[in-house]
Each structure stands twice: as C-alpha cells, then as structure tokens.
Participant: 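Before I ask anything, let me first share the structure, which is written out below as structure tokens.
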There are 2 protein chains.
Amino acid sequence: MSDTTEQRPYHHGNLRMELLDAAERSLRTHGVEQLSLRDLARDIGVSHAAPRRHFADRRALLDALAESGFVRLGAKLRTAVDEIDDEDDLPARLHAFASAYVRFATENAALTGLMNSSKHRPGATAVAEAAAAAFGQISDLIEEGQERGELEEGDPEGIGLIVYATVLGITSMVNSGMIEPERLEGLVDTAVTQFLRGARPAQQR
Amino acid sequence: MSDTTEQRPYHHGNLRMELLDAAERSLRTHGVEQLSLRDLARDIGVSHAAPRRHFADRRALLDALAESGFVRLGAKLRTAVDEIDDEDDLPARLHAFASAYVRFATENAALTGLMNSSKHRPGATAVAEAAAAAFGQISDLIEEGQERGELEEGDPEGIGLIVYATVLGITSMVNSGMIEPERLEGLVDTAVTQFLRGARPAQQR
DNA sequence: CGCGAGAGTAGTCATTGACAACATTGTTGT
DNA sequence: ACAACAATGTTGTCAATGACTACTCTCGCG
C-alpha cells in the first residue's frame with residue numbers, strides 16, 4: 001500500500017521507531033534543548049499525546065536515544081578494530097579504535113553529548129549496559145597488549161580508562177568548538193602514540 | 001539598616017549577583033535542566049520579570065554562570081600551580097594542575113558540565129575568553145618543560161591539549177557516574193605520569 | 001463473534017520563557 | 001531645587017510545553 005496520499009490508518013504501526021528517528025533528526029539539527037515531544041508528534045502527524053504510549057516522558061525518549069547511540073557506537077568500534085587484520089598489532093588496533101570513536105562522536109555531536117550525560121541517570125540501566133559494552137572493548141585490547149608484554153602490568157580497565165578519557169576529552173573539546181575539527185586526526189595520533197610510549201613496561205624504555 | 005524584618009526597598013540593589021548565587025545553588029542541587037528563572041525570582045522574592053533586567057534570557061544567565069565558573073577555575077589552577085615552590089619541577093606542577101582541575105570539576109559537577117557545553121555558543125565571547133585564560137596556563141607549563149628539554153618539541157598548545165583532554169575526560173567519566181570518585185586520584189596520577197613518560201624527548205628514552 | 005488490551009485522540013492544567021505596559025526610584029544637568 | 005531621564009521592578013498576558021485523564025478506534029484471541 002502506498003503511503004503517499006493514502007490516509008494514515010488509525011494505528012500508525014511503527015510509531016516508536018519513527019519517533020526515535022525524528023528525535024534523532026531534531027537532535028542533530030536543533031540540539032537536545034529544543035527537542036520537544038509535541039514537535040515530534042507534529043512532524044510525524046500524530047496527536048500530541050501519542051508519544052506517551054511509547055515513552056513515559058521526555059527523559060525516557062532521550063534515554064532510548066542514548067541507548068541506541070551506544071549500541072551503534074559499540075558496533076562501529078568493534079568493526080573498526082576487527083578491520084585491522086593483524087590481531088597482534090596493538091598500536092594499529094588502538095589507533096583504529098580511537099579514530100572510530102572520534103569519528104562517531106564528531107559526526108553525532110549532539111547525540112554523543114546526550115549519551116555522556118544520560119548514562120549516569122539512576123534507573124537507566126539499559127543505557128549503562130550499552131555504554132559498558134562499548135567501552136569494554138578497550139579493556140580487552142589493553143589486556144591483550146599486557147599478555148604480549150607490550151604494556152606495563154596493572155588493572156587493564158584502569159589503563160584503558162586513560163585512553164578512553166583522552167579520546168573522550170578530545171572529542172568534547174572539538175564538539176564544544178574549543179579546537180578545530182582539522183586538528184582531530186593529528187591529536188588522536190599523538191595521543192595514542194604518547195600513550196603507547198608512556199605505558200610500555202619499564203625494561204623496554 | 002537590618003534587612004531581616006524590614007520591607008525590601010523597591011530596588012533590590014544587588015539582584016544580579018543574588019541571581020547568580022541562587023542560580024548556582026539551584027544548579028548544584030537540581031541540575032541545569034531544572035533551573036528556572038521564575039524559580040530564582042521566587043527564591044529571592046522579586047517579581048517573575050525582574051531577572052530580565054539583568055539577563056536577556058535564560059541562556060544569558062547560564063552563560064554568565066559559565067563565565068564566572070571559568071574565572072574561578074582559572075584562579076584555582078593558578079594558585080595550585082604556584083603553590084609548588086620549585087618552579088622547575090614540571091611533574092609536580094603538572095600534577096598540581098591536574099589535581100586542582102579534577103577537584104574543581106567534581107566539586108562543581110553541574111557547573112562544569114554547563115561550562116563545557118556553553119563555551120561554543122556563538123556570541124558567548126566572554127565565556128570563550130575566560131575558558132581560554134584558564135586553559136592557557138597549561139600551555140605555559142608545557143612550554144617551560146620544552147625549554148628545559150624535559151619534553152619533546154612541538155606545538156606546546158597541541159601537547160597541552162592532550163593533557164587537558166585526558167583530565168577533562170576523566171572528570172567527565174566521574175561526573176557521569178561511569179567511574180567511582182575514589183579512583184580519581186589514582187587515575188590522575190597515572191595519567192600525568194604516563195604523559196610525562198610518553199612526551200619525553202627521544203634521546204632520554 | 002465479542003471483548004479486551006494496545007494504540008491513538010482530544011481536552012485540560014500548571015509551569016515556563018518571553019514580552020509589553022506601567023510604576024518607582026536614583027541620578028544628572030542646569 | 002528640580003525636572004527630565006535612565007535603571008530597575010511590577011503586573012498582566014501569550015504561546016509552547018510536558019504531563020495527565022477520559023474517551024475512541026482496531027485488531028487479535030478465546
């Protein structure tokens with residue numbers, strides 16, 4: 001059935017997904033502050049109260065958005081790392097990871113901001129889990145590096161945290177306009193390189 | 001004249017400052033989303049339109065808050081660095097800088113979030129300047145380190161950016177609940193140490 | 001085949017930011 | 001002194017919004 005001129009049936013049938021889509025568009029073009037449930041409903045062509053059937057309140061919609069963001073980010077990170085064929089090439093894999101992150105985070109600036117601010121909200125366990133899954137990948141990378149003696153010993157998560165923090169900070173600065181996007185690649189490069197140098201075991205220095 | 005039972009004169013005399021004070025309290029306890037101009041006006045006991053004489057709109061109030069935050073942060077950073085008597089002790093100074101930053105940023109979590117999200121708003125030049133002043137200090141530190149040959153050559157600002165980014169990222173993770181505050185000190189410690197190792201000139205490796 | 005749950009609608013309310021018109025007070029030039 | 005006048009507050013109003021309630025439509029299941 002064509003949906004162009006046809007009257008929409010009483011039941012939309014796909015509202016939840018379409019709400020999320022519209023929400024992400026609005027997020028991208030107008031920012032999170034401007035995102036209004038009634039606006040989305042108007043865009044889609046349903047009544048102002050319809051979204052309530054799918055999201056208890058504005059927060060719930062934003063949380064769902066953040067969760068979906070983390071899932072997609074996780075996937076991007078995974079494929080980026082896996083694309084480095086040489087499984088033992090830690091520098092390359094770390095670099096791929098960092099690059100993929102900053103690309104996603106700068107191409108989806110507003111969404112990333114939302115993701116980073118929602119993941120602490122109590123009750124948003126789904127968001128937290130999605131975030132942990134995305135982040136967990138770097139711990140694995142670090143762990144492998146340690147096993148092969150390329151990185152100093154110590155809590156893999158703690159060490160990974162540093163890398164993650166740096167990348168997070170860089171994108172935050174780009175997204176807030178503090179530094180120009182052109183410098184992104186270079187900064188990520190030096191960040192990863194310096195990290196690898198700084199985290200080498202003592203006997204290799 | 002006592003101001004306890006006395007009727008407030010028609011002209012408050014200090015509304016702007018008191019608004020900023022109340023705003024910061026509200027920010028701290030309820031977060032930026034809940035901050036409402038009318039609420040502040042009620043708290044202070046003026047009419048709902050009074051704030052408009054001092055801040056064109058909600059954004060302007062938030063920007064002023066962010067600016068004041070950067071000014072205070074800058075001062076904290078400066079004194080922290082200056083408290084290290086040995087002017088040549090780069091590690092100690094860098095550490096003091098990072099420590100002071102994370103302390104401020106975690107003790108003023110919501111304010112920091114606001115600061116980091118406002119500094120890009122076009123037209124908020126005052127905010128941008130305050131931010132640059134606070135951040136510029138680290139460039140100076142790096143430059144000194146380079147002059148004494150303790151750090152590899154290269155754009156001081158670029159190198160400083162990495163440190164700043166890492167510290168920014170760490171606090172962002174703490175403030176969003178991704179990592180526990182107890183780990184803060186340790187993380188900052190390793191971050192600074194690793195940075196210094198990684199940024200040493202080649203011949204010293 | 002009817003009926004109940006799921007999904008959408010219309011109506012309402014309190015809150016809010018923004019704005020305009022008006023009131024009060026402090027200041028300044030003469 | 002004192003009459004403009006600029007600052008600063010006040011009341012009143014409006015449109016938008018999120019949240020809630022009561023009602024309606026449809027479809028699938030027993």
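Chain A is the first sequence line, chain B the second, and so forth, proteins listed ahead of strands; every chain is numbered from 1. Only this structure's heavy atoms are used, side chains among them; waters, hydrogens and symmetry mates stay out.
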Participant: Does a salt bridge link B/R78 with B/E83, judged by any charged N lying under 4.0 Å from a carboxylate O?
Facilitator: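 Salt bridge between B/R78 and B/E83, a charged N being under 4.0 Å from a carboxylate O: no.
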Participant: CG of A/L19 versus P of C/dG8: gap in Å, rounded?
Facilitator: 9 Å
Participant: For residues 104-114 of chain B, which residue pairs qualify under side chain to side chain donor-acceptor pair (under 3.5 Å), counting only residues two or more places apart or in two chains?
Facilitator: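 Checked against side chain to side chain donor-acceptor pair (under 3.5 Å) - neighbours excluded - the pairs reaching residues 104-114 of chain B are B/R28-B/N108.
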Participant: Can you say whether the rings of B/Y164 and B/Y101 are parallel (under 30°), tilted (30 to 60°) or perpendicular (over 60°)?
Facilitator: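 The arrangement is perpendicular - the two ring planes meet at more than 60°.
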Participant: Just how far, in rounded Å, is P of D/dG12 from CZ of B/R38?
Facilitator: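 So the CZ-P distance, B/R38 to D/dG12, works out to 12 Å.
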Participant: Can you check the B/Q34 CD to C/dT16 P distance for me, whole Å?
Facilitator: 9 Å
Participant: Under 3.5 Å, is there any donor-acceptor pair linking the side chain of A/H48 to the base of C/dG11?
Facilitator: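 Result: at least one qualifying N/O pair found.
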Participant: Using a cut-off of less than 4.0 Å, is there contact between a side-chain N or O of A/S36 and OP1 or OP2 of D/dT17?
Facilitator: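 The answer is yes; a side-chain N or O of A/S36 sits under 4.0 Å from OP1 or OP2.
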Participant: Could you say whether A/L37 or B/S47 is positioned toward the 5' end of DNA chain D, judged by the nucleotide with the nearest heavy atom to each?
Facilitator: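 Mapping each residue to its closest nucleotide by heavy atoms, the 5'-most match is B/S47.
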Participant: For residues 34-48 of chain B, pull every pair meeting side chain to side chain donor-acceptor pair (under 3.5 Å), keeping only residues two or more places apart or in separate chains.
Facilitator: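 For residues 34-48 of chain B: B/R38-B/H48, B/D39-B/R42.
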Participant: Rounding to an integer number of Å, can you tell me how far A/L40 CG sits from D/dG18 C1'?
Facilitator: 12 Å
Participant: Using only side-chain N and O atoms of B/R42, determine if any of them is under 4.0 Å from OP1 or OP2 of C/dT16.
Facilitator: yes
Participant: Is A/R197 salt-bridged to B/E152, going by a charged N under 4.0 Å from an acidic O?
Facilitator: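 Between B/E152 and A/R197 there is a salt bridge, with a charged N closer than 4.0 Å to a carboxylate O.
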Participant: Before accepting this row, confirm whether a basic side-chain N of the pair B/R183/A/D155 lies closer than 4.0 Å to the acidic partner's carboxylate O.
Facilitator: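 Between A/D155 and B/R183 there is a salt bridge, with a charged N closer than 4.0 Å to a carboxylate O.
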Participant: Scan residues 50-68 of chain B against DNA chain D and write down, sorted by residue number, each residue with any heavy atom closer than 4.0 Å; if none is found, say none.
Facilitator: B/A50, B/R53, B/H54
